[in-house]
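These notes concern the structure reproduced below.
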Amino acid sequence: MPIYRCTVPQASVTSEQKAEIAREITRIHCELTSGTPAGFVHVIFEEVQSGNRFSGGEPSSKALIVGRIRAGRSGEVKAKLLLGISEAWKRVTGQPERDILVAVQDVPARDVVEGGWVLPEPGQEDAWLSEHGLTR
Amino acid sequence: MPIYRCTVPQASVTSEQKAEIAREITRIHCELTSGTPAGFVHVIFEEVQSGNRFSGGEPSSKALIVGRIRAGRSGEVKAKLLLGISEAWKRVTGQPERDILVAVQDVPARDVVEGGWVLPEPGQEDAWLSEHGLTR
Amino acid sequence: MPIYRCTVPQASVTSEQKAEIAREITRIHCELTSGTPAGFVHVIFEEVQSGNRFSGGEPSSKALIVGRIRAGRSGEVKAKLLLGISEAWKRVTGQPERDILVAVQDVPARDVVEGGWVLPEPGQEDAWLSEHGLTR
């Protein structure tokens, strides 16, 4: 966790832009969550052909970014995360903000197994990383 | 928000049916939620090849429609939404109801940024639309 | 419900492995939830091309398995489900656990229509199955 899924029109984002967006989402997430190890941040791009995407019942070219994140982040952190990713997307792709949606869904730590272990509750990260021989 | 993802067998739904389903989901969602602007309703079709979809451990041709909607809708509204979309899908595609799953997941308004702004809480829509120069 | 989505690198899992994983996820889910009819367990594989998947901002070959399940399962059941699926994935694919993430998201029964009917609340399954002429 987290997993960010970026649903975009086919061929609307270049390989370079995808790599940069992935780095930016990772950087923003790690900075705002005080030390999530970068390797835990997953970013998936899903390219959708014309005819398979609609907004308001009409063909759509919007970017939909939905992150599943570990529950327990404050409203302030989440707002910064959402706005930071929206701005980064705009900056990297040149797409206007009116065509960008960013959302997050909370997933309780106990409902995630990564690397063979149930994730730690907020505040238990240091002990968990140490126990499993990981570093930030 | 909302985002409805329709996961279907490859080539099982025609282009005309997709467009009609997108319009129907948009119409149903907007009618039941008292004025969500249509442009905020996003519908994505995901076509899955044979060999990549299973039900009960066997190859599956079911339609799975999962919507992420803004939290705060009443149980009554959500039931009408689910049943209305299931019926619309059946009507447009001819697929029997036993092969249709429709679900919604609540996402709090504060966990979504669309068009550069955090979405309004239920009851705050008019002020929000007006503040951002939008109309229903 | 449930719907398990397995997001994997393109061509990293064979057809035989996919079928076996689907059977294993179905078996594990049904055993741990005391009798979910197997036909209600849906497994989707999503194959993602190189260049569309990142972890820590770098190209990734991790397997991300996210299940949407009916809310109401105990923490103990969910832990067994997560660890059981992670182990089954490792066993079938040979992929090390460090490259496997398994998560579940709760969806309230009343937020799902399957086969034309709203799903039963936990504890109401027998009456619901009987009412709709279904068997376990």
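Chain naming here is simple, since letters A, B, ... match the order of the sequence lines and numbering starts at 1 in each.
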Is any side-chain heavy atom of B/H42 closer than 4.5 Å to a side-chain heavy atom of A/L64? yes
Under 4.5 Å heavy-atom distance to chain B, tell me which part of A/V104 shows up: side chain, backbone, both or neither. both
So, do A/L101 and B/V112 sit near enough that their side-chain heavy atoms are less than 4.5 Å apart? yes
If we define contacts as heavy-atom pairs under 4.5 Å, which of B/H29, B/M1, B/R5 has the most with chain A? B/R5
Whatever's closer than 4.5 Å to a heavy atom in chain A on B/R27 counts as neither
Looking at every heavy atom in both B/R110 and A/L82, which two are closest together, and how far apart are they? O-CD1, 3.5 Å
When only pairs under 4.5 Å are counted, which of B/S15, B/A19, B/C6 shares the most heavy-atom pairs with chain A? B/A19
If you measure from NZ on B/K18 to CZ on A/F54, what distance do you get to the nearest 0.5 Å? 7.5 Å
Answer with side chain, backbone, both or neither: which region of A/E46 has an atom nearer than 4.5 Å to a non-hydrogen atom of chain B? side chain
Gap separating the CD1 atom of B/I3 from the OG atom of A/S55, nearest 0.5 angstrom: 9.0 Å
Begin with the C-alpha distance, continue with both residues' side-chain angles, and end with the deciding distance and a verdict on side chain to side chain contact (heavy atoms under 4.5 Å, CB included) for B/I44 and A/T7. CA-CA 9 Å; B/I44 299 291; A/T7 302; 4.1 Å; yes
Relative to chain A, which of B/A22, B/P108, B/P37 shows the most heavy atom pairs under 4.5 Å? B/A22
Let's test your reading of the structure: which of B/V113, B/T26, B/L119 forms the most heavy-atom pairs below 4.5 Å with chain A? B/V113
Just how far is it from atom CD1 of A/I100 to atom CD of B/E114, taken to the nearest 0.5 Å? 11.0 Å
Out of curiosity, B/W117 CH2 to A/L83 CG, how far, rounded to the nearest 0.5 Å? 12.0 Å
Non-hydrogen atoms of chain B under 4.5 Å away: do they reach the side chain of A/K90, the backbone, both or neither? neither
Taking B/R68, B/Q105, B/E20 one by one, which has the highest count of heavy-atom pairs under 4.5 Å against chain A? B/R68
Greatest number of non-hydrogen atom pairs under 4.5 angstrom with chain B, of A/K78, A/K62, A/Q49, A/E58, falls to A/K78
With rounding to the nearest 0.5 angstrom, report the CG to CG distance, A/L81 to B/D111. 9.5 Å
